[in-house]
Amino acid sequence: MSNQALQYVHFKPKSVLFKEGEKPDFAYIIKKGNVRISKRGPSGKKISIAKAGQGNIVGEMAIISDSPRSATVVAIDTVEAIAINKTSFDTKLKSADPFLHSLISTVIKRLRKTSDHTVALYDKVREQEKNNLITVQPSKKKEVTKEGISRVNLLLADPNRQTRHGLRSGLFSHGFRDICDTSTYQQITEQTRHKNFDLIILDAAFGMYELTTLIQEIRHAKSSKNPFATILVITEKHQTELHDPLRHSGCDEILTKPLSMMDIIGFIDNMIQNNARTFVVTRDYAGPDRPNYKDHTAQDAPRFRPPNSLVAKMVNRVDCKVVDEAIQKASLQFNEMKIERHLVQIDWLLKRLGSTDCPPHDIHYLFDQIEQAINDLILRTQASRFDEARKICHKLKQALSSPCLQEITSLYQLLLQCFPQNTTPHVISTSILPPHSTASLS
């Protein structure tokens, strides 16, 4: 931009007019369009503090106080403005009234301090909300309010229309308002793909295979925005043979008919009072921790604590946007843990194939297991930072069509090099994966 006193300027949507911390050179009178003003809090997170539109001036505070920019201003849509350079702005203000210039400078400095304090306070509140996804106070009974219950996103699935409507009415009478009821497998997968549900109630009438497959797809984030949702399954009294498969698919709890609405509410309350959920992640299981759970190599399976959105909304009253952000962050961590588990599995399978005591009838099975791991790795490496890894996965899949152990092993070694250094066959560097013992936001 030239040094002319006044000039007309245009900014495209998302263009930056100026950044926080920069030396001030121009103030802008907005003639058309809107801008967003934001600051960074003490935690480093960007916080939106205001919007400005036609007739407003932005950038004048830094010029008047002769200080670095106190905020970042970005165009929301197409913006037309008049840019006034610093020299011209100072000259006009001082020539109007030197005393007024001094007074305005003092007021501006005080406003900057107040703005900084407000942003710091807001940032502190946001951090406290995130901590409320983690904080556990086992000595106190957690109080649940109607307002907290009404904020829960609940999915109710039962193929029986009469039973489903009865449950919906009972849950509504207890304060649940955001209830999505479905009757088919397709409807469930469609809903879970597009919405973060906190609580999912499923009836076993869908069938064991369909139900276990559905829960596994939710837990492995294949058909769910929130793989950490609390999942409750309702079975008939004679269906006890379903219990183990359902637990191994990743559900939280199983209730047996006949049961009352108070049984369901009692389960939900129990989940709230014992909100410290630990998840296990292996090559083929993801879900609530089971005692002494081990992976296929007989090692302790990796564990982490995901967000408990049910507790966050019903008890801690955490802002829904903060909950969604925590779920998204934990989902990325979960995805990388699954990548690690697949790499561990492939390493173990290749060693098994290369051993002298591997029975001939096991060879095809072991190659099939490698292919399954590769297929899931392809799905989990869609982010651009995994482009090279995904290409190698496709080469590995192609190499499996006419298996050559040496070629597959060489490609596997190349695949490991796509991830951070210090990667061993059994442990992916913590620079890509957070420590398994460390909670994210739960």
Side-chain angles (χ1 to χ4, degrees), residues 136 138 140-185 187-188 191-192 197-208 210-212 214-216 218-219 224 226 228-279 287-291 308-316:
V136 181
K140 295 182 181 180
K141 181 174 174 61
K142 299 171 181 65
E143 296 296 330
V144 178
T145 64
K146 287 278 187 180
E147 189 273 334
I149 296 174
S150 68
R151 299 170 68 233
V152 172
N153 295 329
L154 190 154
L155 176 64
L156 175 62
D158 189 328
N160 186 304
R161 185 170 180 266
Q162 184 177 355
T163 305
R164 190 173 71 252
H165 285 192
L167 281 172
R168 182 188 177 94
S169 298
L171 291 163
F172 189 88
S173 69
H174 278 83
F176 291 94
R177 293 295 178 264
D178 195 346
I179 305 174
C180 173
D181 64 89
T182 59
S183 60
T184 67
Y185 184 99
Q187 288 175 344
I188 299 171
Q191 290 295 331
T192 55
F197 288 101
D198 311 301
L199 175 62
I200 299 175
I201 301 177
L202 306 170
D203 194 283
F206 284 104
M208 183 180 75
E210 289 78 6
L211 208 57
T212 54
L214 173 65
I215 295 171
Q216 286 176 341
I218 291 173
R219 288 298 188 223
S224 176
N226 181 12
F228 319 114
T230 299
I231 300 178
L232 168 63
V233 179
I234 300 174
T235 69
E236 297 289 346
K237 187 175 182 179
H238 64 272
Q239 293 178 310
T240 53
E241 75 281 357
L242 293 179
H243 291 195
D244 280 346
L246 287 170
R247 286 195 174 93
H248 288 308
S249 67
C251 77
D252 286 276
E253 192 56 78
I254 301 168
L255 293 182
T256 304
K257 299 176 183 178
L259 75 162
S260 66
M261 180 54 58
M262 292 312 299
D263 291 326
I264 297 175
I265 298 301
F267 157 77
I268 295 172
D269 184 67
N270 184 62
M271 287 294 298
I272 290 168
Q273 301 307 323
N274 302 282
N275 68 331
R277 293 164 84 214
T278 302
F279 263 49
D289 192 5
R290 308 298 184 204
N308 191 331
S309 59
L310 188 65
V311 175
K313 290 183 178 180
M314 291 183 70
V315 180
N316 296 336

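Here the structure is a predicted model, which means the values were calculated and not measured.
At a cut-off of 3.5 Å, with distance as the only test, a side-chain donor of S309 or D198 sits close to an acceptor on the other residue.
Across all their heavy atoms, I200 and A229 have their closest contact at CD1-CB, 4.0 Å. Taking both residues in full, the closest heavy atoms of R164 and T182 are given as CD-O, 3.2 Å, listed atom of the first, atom of the second, then distance. Closest approach of G250 and P288 over heavy atoms only: O-CD, 3.2 Å. Between S249 and I215 the shortest heavy-atom distance is O-CG2, 3.4 Å.
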Discussion item. The test is side chain to side chain contact (heavy atoms under 4.5 Å, CB included); show your working for L259 and I234 and say whether it passes.
Written reply: CA-CA 9 Å; L259 75 162; I234 300 174; 3.9 Å; yes
Fill in: Worked check of side chain to side chain contact (heavy atoms under 4.5 Å, CB included) between L246 and T235
CA-CA 10 Å; L246 287 170; T235 69; 4.0 Å; yes
Worksheet entry | Worked check of side chain to side chain contact (heavy atoms under 4.5 Å, CB included) between V233 and F206 | CA-CA 11 Å; V233 179; F206 284 104; over 6 Å; no
Practice prompt. Please step through side chain to side chain contact (heavy atoms under 4.5 Å, CB included) for the pair I188 and F197, ending with a clear verdict.
Written response: CA-CA 11 Å; I188 299 171; F197 288 101; over 6 Å; no
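L167 CG to M261 CE: the interatomic distance, rounded to the nearest 0.5 Å, is 5.0 Å. The distance from the CE atom of M314 to the CD atom of E147 is 11.0 Å, given to the nearest 0.5 Å. Interatomic distance, CD1 of I264 versus CZ of F176, reported as 9.5 Å (0.5 Å rounding). Annotation: the span from L199 atom CG to I268 atom CD1 amounts to 5.0 Å, rounded to 0.5 Å. Note that CG of L156 is 10.0 Å distant from OG1 of T163, once rounded to the nearest 0.5 Å. Separation of atoms SG (C251) and CG (L211) is listed at 8.0 Å; rounding is to 0.5 Å.
Side chain of R168 to main chain of I179: a donor-acceptor pair is present (N/O by atom type, distance under 3.5 Å, no hydrogens or angles). A distance-only check finds a donor-acceptor pair linking the side chain of S224 to the backbone of N226 [under 3.5 Å]. Using modelled atom types, no side-chain atom of R219 and backbone atom of G287 make a donor-acceptor pair closer than 3.5 Å.
Heavy-atom contacts from other residues, nucleotides or ligands closer than 6.0 Å to CD of Q162 number 12 or fewer.
For the pair R247 and I254, the minimum side-chain heavy-atom distance is below 4.5 Å. Put simply, the side chain of K146 does not reach to within 4.5 Å of the side chain of R177, judged on heavy atoms. Looking only at side-chain heavy atoms (C-beta outward), N153 and K313 come within less than 4.5 Å of each other.
M208 pairs by the side chain to side chain contact (heavy atoms under 4.5 Å, CB included) definition with T212, L242, P245, not counting sequence neighbours.
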